[in-house]
Amino acid sequence: DPGENPHVGSLTGEEIAKHNSRDSCWVIVHNKAYDVTEFLPEHPGGPKIILKYAGKDATEEYAPIHPPDTLDKFLPKDKHLGPVNMDTVEQEVKEESPEEKERQERIKGMPKLEACYNLMDFETVARYVMKKPAWAYYSSGADDEITMRENHSAFHKIWFRPKILVDVENVDISTKMLGTKVDIPFYVTATALGKLGNPEGEVVLTRGAHKHNVIQMIPTLASCSFDEIVDAKQGDQVQWLQLYVNKDREITKKIVQHAEARGVKGLFITVDAPQLGRREKDMRTKFDDTGSNVQNTGGDNVDRSQGAARAISSFIDPSLSWKDIPWFLSITKMPILLKGVQRVEDVLKAIECGVHGVVLSNHGGRQLDTARSGIEVLAEVMPILRERGLQDKIEIYIDGGVRRATDIIKAMCLGAKGVGIGRPFLFAMSAYGLPGVDRAMQLLKDEMIMNMRLIGAAKVEDLTPDMLDIAGARSHFVTQPEDTLALRAYDALITPNEMLK
Ligand SMILES: Cc1cc2c(cc1C)[n+](S(=O)(=O)[O-])c1c(=O)[nH]c(=O)nc-1n2C[C@H](O)[C@H](O)[C@H](O)COP(=O)(O)O
């Protein structure tokens with residue numbers, strides 16, 4: 001009687017363990033068994049990572065990369081074998097590796113949250129307490145990471161021309177983005193695989209965004225399912241969706257219309273990633289993980305040349321082009337913005353084809369290396385839009401390397417509606433969870449109020465181009481004081497032999 005024995009009808013670990021090969025491969029995920037034999041050659045991450053768990057419980061490896069509803073969505077129902085009596089499953093006793101032991105020691109000695117005074121502090125702490133693959137995935141940029149560094153240092157080439165004797169007793173740092181009132185002109189930008197850094201994943205950012213009344217951009221490649229992230233919002237909290245366009249447009253149409261139905265208030269189509277960039281820190285840590293075998297789905301000569309990035313992005317459509325924009329405008333009423341625009345000619349095209357905005361961005365330096373920073377492109381774009389009377393035709397955002405409120409203020413002075421921030425909130429979440437995200441956002445609010453006072457602006461509308469000297473904005477290699485904060489967090493400081501570990 002099932003009432004007495006709850007495991008009646010459940011599969012046992014012993015039965016599942018018999019299906020542990022390429023010819024018959026069963027795995028356990030979240031206490032249920034699945035026959036993935038036929039799926040092996042189709043797995044974007046290659047078959048090897050699945051075969052590593054053939055006949056076993058794969059949940060721990062599976063959860064950070066795949067939203068919980070992935071198997072329900074993509075594995076045919078007849079391959080769902082049903083519940084497993086987990087008492088009968090031999091749990092592998094994983095010997096804690098020496099690296100993991102060292103990491104646990106570092107976590108014990110990590111700085112208190114109150115010791116973090118700026119967004120770079122979170123990066124410094126995260127580097128020492130995060131698991132290597134997670135740190136590598138979040139911190140990596142493409143190729144030589146020149147653009148990733150330029151994103152941050154570009155702000156140091158723009159100088160303030162502050163006004164004095166302006167009444168700044170009451171400073172209002174709030175603004176509107178796509179019609180939504182927000183406390184401060186930044187949003188949490190889309191960054192994939194939130195559970196690599198924190199077991200709860202992107203919903204931690206949802207909670208932080210709610211607390212500080214800022215907008216969260218939900219990533220297509222989130223670890224949490226889209227619905228989990230939307231369900232985690234509170235009250236009239238606003239979210240946007242970042243979209244990687246699928247080669248199968250029916251899948252994309254379903255995602256977009258479901259997002260609209262769930263109340264998402266903006267669609268940001270990522271246009272700078274027809275293929276994901278080559279992020280060597282990510283690839284390096286994947287070297288000991290068969291999961292990166294994304295190139296050849298058969299042989300054992302694993303080509304580990306793409307890391308986690310490629311494994312999760314093979315569906316992205318490289319044929320996406322301007323001719324597709326009318327279709328997007330026809331399938332949704334949400335405002336549509338292009339994320340990853342990098343030159344004024346494309347901003348003018350975006351206006352022509354009727355989208356509602358752009359994000360001037362190089363994907364955090366994770367795509368085309370030696371692409372210009374968002375703030376530099378903004379300095380190019382806005383004067384031309386003003387010349388043509390187009391500056392109010394669309395909303396312009398930038399992202400990349402924003403680490404201080406002064407970076408936000410520089411973007412606002414040039415004419416941006418706001419900025420996206422990525423890594424800092426990932427590192428804050430990975431090192432300290434929600435309290436870390438909360439503190440990071442509060443630090444930015446405190447800095448913003450102080451710096452608005454010091455520049456002589458009582459509200460964001462008072463931030464104008466004449467408050468900046470952008471003469472240096474276009475110089476790319478100039479001798480600059482060493483950016484010690486960024487360098488301390490930067491991996492380049494580890495010695496070569498550590499690099500090859
Ligand atoms: C840090 C990071 C950024 C990612 C990101 C993942 C991470 C870990 N991922 S990625 O896996 O494809 O590269 C995305 C993504 O899913 N979609 C996207 O549009 N931008 C993605 N971005 C870029 C992001 O939206 C911002 O453009 C970038 O993070 C801004 O730079 P900062 O991190 O310096 O703030």
Side-chain angles (χ1 to χ4, degrees), residues 64-65 67 119-120 122-123 126 130 133-142 145 147-155 186-198 201-202 205 215-223 226 240-245 266-279 281-282 306-316 320 337-342 358-368 371 373-375 377 397-404 407-408 411 418-430 440 444 486 489-490:
I65 306 266
L119 267 48
M120 294 308 287
F122 290 102
E123 188 160 342
M130 289 180 75
W135 164 257
Y137 190 70
Y138 290 172
S139 66
S140 51
E145 302 187 332
T147 290
M148 185 169 83
R149 293 194 296 275
E150 171 67 11
N151 279 345
H152 178 58
S153 57
F155 288 102
F186 72 72
Y187 58 85
V188 180
T189 190
T191 53
L193 302 185
K195 284 187 183 174
L196 279 183
N198 182 297
E202 290 80 4
L205 300 173
I215 294 172
Q216 175 191 22
M217 187 190 289
I218 299 173
T220 295
L221 293 174
S223 302
F226 169 79
W240 293 336
L241 174 66
Q242 171 272 324
L243 182 73
Y244 274 134
V245 177
L267 177 65
F268 287 68
I269 301 173
T270 297
V271 294
D272 60 8
Q275 172 183 339
L276 286 200
R278 204 176 130 76
R279 300 126 188 210
K281 273 188 269 185
D282 174 37
Q306 296 291 331
R310 189 63 175 281
I312 59 174
S313 60
S314 49
F315 68 89
I316 295 173
L320 182 68
L337 296 91
L338 305 181
K339 176 177 181 289
V341 175
Q342 302 175 62
V358 296
V359 183
L360 304 179
S361 166
N362 52 51
H363 214 104
R366 296 164 68 84
Q367 290 301 110
L368 177 64
S373 65
I375 190 76
V377 177
Y397 298 88
I398 72 159
D399 73 24
V402 173
R403 300 292 181 270
R404 288 279 186 188
D407 301 337
I408 302 175
V419 305
I421 300 177
R423 291 181 182 88
F425 298 134
L426 283 176
F427 293 137
M429 161 176 97
S430 302
L444 279 173
Y490 190 62

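No experiment lies behind these values; they were computed from the predicted model shown. Ligands are counted one by one from 1 in listed order, and the atoms in each one are counted from 1 as well.
I316 places none of its side-chain heavy atoms less than 4.5 Å from the side chain of T220.
In this model, no donor atom of one side chain and acceptor atom of the other lie less than 3.5 Å apart for Q367 and R278.
Interatomic distance, T147 OG1 to Q342 CD, rounded to the nearest 0.5 Å: 8.5 Å.
Taking every heavy atom of both residues into account, R366 and Y137 meet most closely at NH1-O, 2.7 Å. Here the closest non-hydrogen pair linking A136 and K281 is CB-O, 3.3 Å.
Side-chain N or O atoms of D407 include none that pairs as donor or acceptor with a backbone N or O of F155 at under 3.5 Å.
Within 4.0 Å of ligand 1, protein heavy atoms come from Y137, Y138, T189, A190, T191, A192, Q242, Y244, T270, R279, K339, S361, H363, G364, R366, D399, G400, G401, R403, I421, G422, R423, L426.
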